[in-house]
Asks: 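Take a look at this one; I'll ask things after.
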Amino acid sequence: MSEISIVLIEDHDLTRMGLKAALQTDSTVRVVGEAANATKGLKLLETAKPDVAVVDIGLPDMDGIELTRKFRQWQTETGDSTTKILILTMEHSEDAVLAAFAAGADSYYMKDTSIDRLTEAIQATYEGNSWIDPAIANVVLLQMRKALPEGQSAEKSKTVKIDALAPEYEQVLETYPLTQRELEILELIVAGCSNGQIAEKLYITVGTVKTHVRNILNKLCADDRTQAAVRALRSGLVA
């Protein structure tokens, strides 16, 4: 298996040095760069283009959530979507967790977990899966259960069940079915619309579109928009 290239963005020197030293003992990962603040970290991500960026939330000049948001914007503008983002933090409040995922983070890892688990989280993130630390799993699950399409009450909420998918996908969708708004966005994704075009057509913000897209990918167990579109077409959900 090829090495997973890593960039560390962490302002505490001892923590960053410790992480680097620990990760370098694992033959499956390679630290290709490090930064002590968000400004340098953002430039490093744009030039190094690592497989996974390990980003601390509490950076001095710009928090890790804002860094993630800016980097995702850069990826959208340049068409470069290879780098995954793993948030590293001691913060497990609902606001921080949801803001991180809304900004485009792929995984959320608590600092007080072992280095072995961090390597496991990096591997999972690299493979396109979202690592959610058990300490914050309930926050994410509760938010997904509360999610409703805009302008609708719980009583009027529409959901869509997808047939003709693998059993593991069906199980996810039985628990978290697509909402009517997500179905509308999925149809536009299949039509080849960008986030900006979707926002314009549905009169919502690009940020809201990104949140819906991430929810759609999670519910369809898809790694990217293309895979989501293929599964939607195969299931007959979108003609």
Side-chain angles (χ1 to χ4, degrees), residues 9 38 41-42 45-46 49 52-53 55 57 62-87 89 93-108 125-126 128-132 136 139-152 157 159-160 172-173 176-232 237-238:
I9 304 176
L42 189 57
L45 291 180
E46 293 172 358
K49 299 179 181 178
V52 179
V55 180
I57 279 188
M62 179 197 314
D63 65 44
I65 294 173
E66 184 62 22
L67 182 154
T68 298
R69 185 178 294 108
K70 287 181 178 294
F71 181 61
R72 289 303 191 212
Q73 183 178 355
W74 178 85
Q75 286 183 306
T76 298
E77 293 171 350
T78 60
D80 184 340
S81 59
T82 55
T83 300
K84 310 290 185 182
I85 296 180
L86 185 153
I87 293 292
T89 182
S93 70
E94 181 175 350
D95 288 345
V97 172
L98 297 179
F101 283 116
D106 295 286
S107 298
Y108 200 97
T125 304
Y126 169 70
N129 301 309
S130 291
W131 174 281
I132 301 176
I136 59 97
V139 172
V140 178
L141 290 173
L142 287 172
Q143 181 65 19
M144 291 178 71
R145 287 169 181 157
K146 290 189 298 183
L148 290 173
E150 289 140 7
Q152 291 188 24
S157 176
T159 59
V160 178
V172 172
L173 287 165
Y176 309 115
L178 289 181
T179 65
Q180 184 66 31
R181 175 63 87 188
E182 288 165 355
L183 177 59
E184 292 172 352
I185 291 175
L186 182 57
E187 290 174 337
L188 293 172
I189 289 174
V190 172
C193 294
S194 67
N195 286 347
Q197 291 170 324
I198 294 173
E200 185 176 352
K201 289 177 182 292
L202 299 181
Y203 303 101
I204 56 179
T205 67
V206 172
T208 299
V209 173
K210 289 180 178 180
T211 299
H212 284 309
V213 170
R214 181 163 295 277
N215 288 340
I216 291 168
L217 296 184
N218 287 337
K219 291 179 180 182
L220 292 180
C221 299
D223 295 333
D224 52 40
R225 296 162 68 102
T226 301
Q227 193 175 74
V230 169
R231 289 180 178 165
L237 182 62
V238 176

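Numbers here are sequence positions counted from 1.
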Asks: Shortest non-hydrogen contact from A100 to Y108?
Replies: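 Shortest heavy-atom contact: CB-CE1, 3.7 Å.
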Asks: Is there a side-chain contact between L45 and L67 in this structure, where contact means two heavy atoms from C-beta onward sitting under 4.5 Å apart?
Replies: yes
Asks: Starting at CE of M62, measure out to NZ of K70 and round the result to the nearest 0.5 Å.
Replies: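 Taking CE in M62 and NZ in K70, the distance rounds to 5.0 Å.
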Asks: Just do the side-chain contact (heavy atoms from CB on, under 4.5 Å) check on K219 and T179 with the steps written out, would you?
Replies: CA-CA 11 Å; K219 291 179 180 182; T179 65; 4.3 Å; yes
Asks: Taking the side chain as everything from C-beta on, heavy atoms only, tell me whether N195 gets closer than 4.5 Å to R225.
Replies: yes
Asks: How close do I185 and V213 get, heavy atom to heavy atom, and via which atoms?
Replies: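 Shortest heavy-atom contact: CG2-CG2, 4.1 Å.
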Asks: Drop me the distance from T83's OG1 to R72's CZ, to the nearest 0.5 angstrom.
Replies: 8.0 Å
Asks: Start with the C-alpha distance between L202 and T208, add both sets of side-chain angles, then the distance that settles side-chain contact (heavy atoms from CB on, under 4.5 Å), and finish with yes or no.
Replies: CA-CA 10 Å; L202 299 181; T208 299; over 6 Å; no
Asks: Quick one, I198 and K201 - any side-chain contact, counting heavy atoms below 4.5 Å?
Replies: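 Answer no - side chains too far apart.
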Asks: Do you know which two heavy atoms are closest between T211 and A102, and how far apart they sit?
Replies: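 Between these two residues, the closest heavy atoms are OG1-CB, 4.2 Å.
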Asks: Closest approach of D63 and E66, non-hydrogen atoms and distance?
Replies: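 Heavy atoms of D63 and E66 come nearest at OD1-N, 2.7 Å.
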Asks: Excluding sequence neighbours, so at least two apart, what forms side chain to side chain contact (heavy atoms under 4.5 Å, CB included) with A103?
Replies: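 Once residues adjacent in sequence are excluded, the partners of A103 under the side chain to side chain contact (heavy atoms under 4.5 Å, CB included) criterion are I65, T68, R69.
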Asks: If I compare all heavy atoms of D106 with all of K84, which pair ends up nearest, and what's the gap?
Replies: OD2-CA, 3.2 Å
Asks: Determine the minimum heavy-atom distance between V55 and G64, stating which atoms define it.
Replies: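 Shortest heavy-atom contact: CG1-CA, 3.8 Å.
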Asks: Just wondering, do E200 and V206 contact through their side chains at under 4.5 Å, heavy atoms?
Replies: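 Contact flag for V206/E200 side chains = no.
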Asks: Just verifying a value: how many Å separate Y126 OH and T82 OG1, rounded to the nearest 0.5 Å?
Replies: 10.0 Å
Asks: Which value, rounded to the nearest 0.5 Å, describes the distance between L186 atom CG and E184 atom CD?
Replies: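 If I round to the nearest 0.5 Å, the distance is 11.0 Å.
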Asks: Which residues satisfy the side chain to side chain contact (heavy atoms under 4.5 Å, CB included) test with T78, sequence neighbours excluded?
Replies: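 By the side chain to side chain contact (heavy atoms under 4.5 Å, CB included) rule, T78 matches W74, D80.
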